[in-house]
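Single-structure report; data block below.
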Amino acid sequence: MSAYYPPEAYGELTEGIREILITAEEIEARVLEMGQAISRDYEGCNPLLVGVLKGVVPFMAALLPAITIPIEVDFMAISGYGPEAGNDGGVRLEKDLNVPIAGRHVLFVEDVIDTGLTLSYLLRNLRSRKPASLKVCALFNKSRRRLIDIPSNYIGFELPALFVVGYGLDYRERYRNLPFVGLLKPEVFQPAEE
Ligand code: IMP
Ligand code: MG
């Protein structure tokens, strides 16, 4: 059983969903498995988990207590790429890490890897700070959308090459609070602003 409410409880938000692709129960179970794997692999390493705001918040919040070894956590914020950015102007760092990562074992935690462009930029940035190791943990992966090759060491779920919402993922800042992941009904999408 899920710790969250059933889909109907999210009224208006669930009404915008055409199909649930991954249920809250499935996500909760998978996140526990990912936490176990990380605990095993990073035993004795005191890794620093780095997340990118805001999409990663629900995943990070569930992943942290699923890890049973000592860890630390920090966040970055960016603006730029993403399905809604509608440009190829790159990524701007809005908020940097609070701690230096030189010599640290860094695990980069992402909500979804889509084209990989954002992640590729961030990994290059972090690598230049000389961490002892740098790996990637993503809850969702759309490998068929990839434009650039990037390492992905821990993957929760493979998704179809479609736009999804829920569990941190938004459409125009909404739907992040859904505990499941689904496809939006076509009528929910608004025409892009010029
Ligand atoms: P990428 O640079 O194409 O890999 O995508 C980076 C960002 O785009 C992700 O971290 C998400 O914030 C956003 N994104 C990618 N796919 C989706 C989606 O299906 N729904 C909502 N946001 C998405
Ligand atoms: Mg994101």
Side-chain angles (χ1 to χ4, degrees), residues 7 10 13-14 16-24 26-27 30-31 34 49-63 73-97 106-127 134-193:
Y10 296 82
L13 292 173
T14 297
I17 301 292
R18 173 156 67 92
E19 187 189 337
I20 294 178
L21 296 181
I22 306 173
T23 66
E26 288 168 331
I27 296 174
R30 186 75 185 111
V31 171
M34 296 174 85
L49 275 64
V50 171
V52 181
L53 297 170
K54 298 177 270 196
V56 81
V57 167
F59 177 39
M60 187 69 98
L63 183 64
V73 64
D74 203 355
F75 292 95
M76 302 171 98
I78 54 166
S79 63
Y81 284 122
E84 299 216 12
N87 63 42
D88 54 6
V91 177
R92 202 173 72 224
L93 213 56
E94 302 279 356
K95 181 212 170 296
D96 202 351
L97 296 174
V106 174
L107 181 60
F108 196 87
V109 182
E110 259 282 44
D111 46 4
V112 58
I113 312 175
D114 188 30
T115 63
L117 293 172
T118 313
L119 190 56
S120 153
Y121 165 85
L122 291 169
L123 290 178
R124 221 178 314 131
N125 179 303
L126 294 180
R127 216 172 275 129
L134 182 57
K135 288 186 179 180
V136 174
C137 170
L139 183 56
F140 305 114
N141 187 30
K142 298 188 204 168
S143 53
R144 275 176 288 170
R145 296 248 316 153
R146 201 75 89 249
L147 295 177
I148 191 162
D149 195 33
I150 45 142
S152 43
N153 308 91
Y154 305 90
I155 294 291
F157 298 92
E158 190 59 43
L159 286 179
L162 298 169
F163 185 79
V164 298
V165 294
Y167 212 84
L169 298 174
D170 73 301
Y171 173 62
R172 301 196 165 197
E173 293 301 325
R174 293 185 105 191
Y175 304 96
R176 291 193 198 273
N177 55 319
L178 289 177
F180 54 83
V181 163
L183 300 173
L184 283 175
K185 289 178 181 166
E187 57 265 35
V188 174
F189 290 101
Q190 293 163 21
E193 288 155 35

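These figures come from a predicted structure and were not determined experimentally. First listed ligand is number 1; within each ligand, the first listed atom is number 1.
- Contact between Gly55 and ligand 1 is absent, with no heavy atom of the residue lying under 4.0 Å from the ligand.
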Just do the side-chain contact (heavy atoms from CB on, under 4.5 Å) check on Leu139 and Glu110 with the steps written out, would you? CA-CA 7 Å; Leu139 183 56; Glu110 259 282 44; over 6 Å; no
Going through the distances and angles, do Tyr171 and Phe189 end up as a ring pair (Phe, Tyr, Trp, His ring centres under 6.0 Å)? CA-CA 8 Å; Tyr171 173 62; Phe189 290 101; 5.0 Å; yes
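- With distances taken over non-hydrogen atoms, the option nearest atom 15 (C) of ligand 1 out of Ile150, Val52, Asp114, Val165 is Asp114.
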Could you walk me through whether Val112 and Val164 pass the side-chain contact (heavy atoms from CB on, under 4.5 Å) test, one step at a time? CA-CA 10 Å; Val112 58; Val164 298; 5.9 Å; no
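- In this structure, Val56 has no heavy atom closer than 4.0 Å to ligand 1.
- For the pair Asp170 and ligand 1, the shortest N or O to N or O distance does not fall below 3.5 Å.
- Residue contacts with ligand 1 for Glu110 involve side-chain atoms from C-beta outward but no N, CA, C or O (heavy atoms, distance under 4.0 Å).
- Side-chain atoms of Arg30 come within 3.5 Å of backbone atoms of Gly156 as a donor-acceptor pair (strictly under, hydrogens ignored).
- The Val164 neighbourhood of ligand 1 comprises atoms 18 (C), 19 (O), 20 (N), 21 (C), with distances under 4.0 Å to a heavy atom of that residue.
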Using the rule given for side-chain contact (heavy atoms from CB on, under 4.5 Å), can you reason through Tyr10 versus Ile17, listing the C-alpha separation, both sets of side-chain angles and the distance that settles it, and then say yes or no? CA-CA 11 Å; Tyr10 296 82; Ile17 301 292; over 6 Å; no
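- Considering backbone and side-chain N/O of Leu119, none are found under 3.5 Å from N/O of ligand 1.
- Close approach of ligand 1 to Lys142 (heavy-atom distance below 4.0 Å) involves ligand atoms 16 (N), 17 (C), 18 (C), 19 (O).
- When each atom of ligand 1 is checked for a heavy atom of Leu162 under 4.0 Å away, the hits are 19 (O).
- Remark: side-chain polar atoms of Arg146 are paired, donor with acceptor, to backbone N or O of Asp114 under 3.5 angstrom.
- Remark: among candidates Asp111, Ile113, Leu117, Leu183, the nearest residue to atom 10 (O) of ligand 1 is Asp111, based on non-hydrogen atoms.
- Residues satisfying the side-chain hydrogen bond (donor to acceptor under 3.5 Å, both in side chains) test with Thr14, not counting sequence neighbours, are none.
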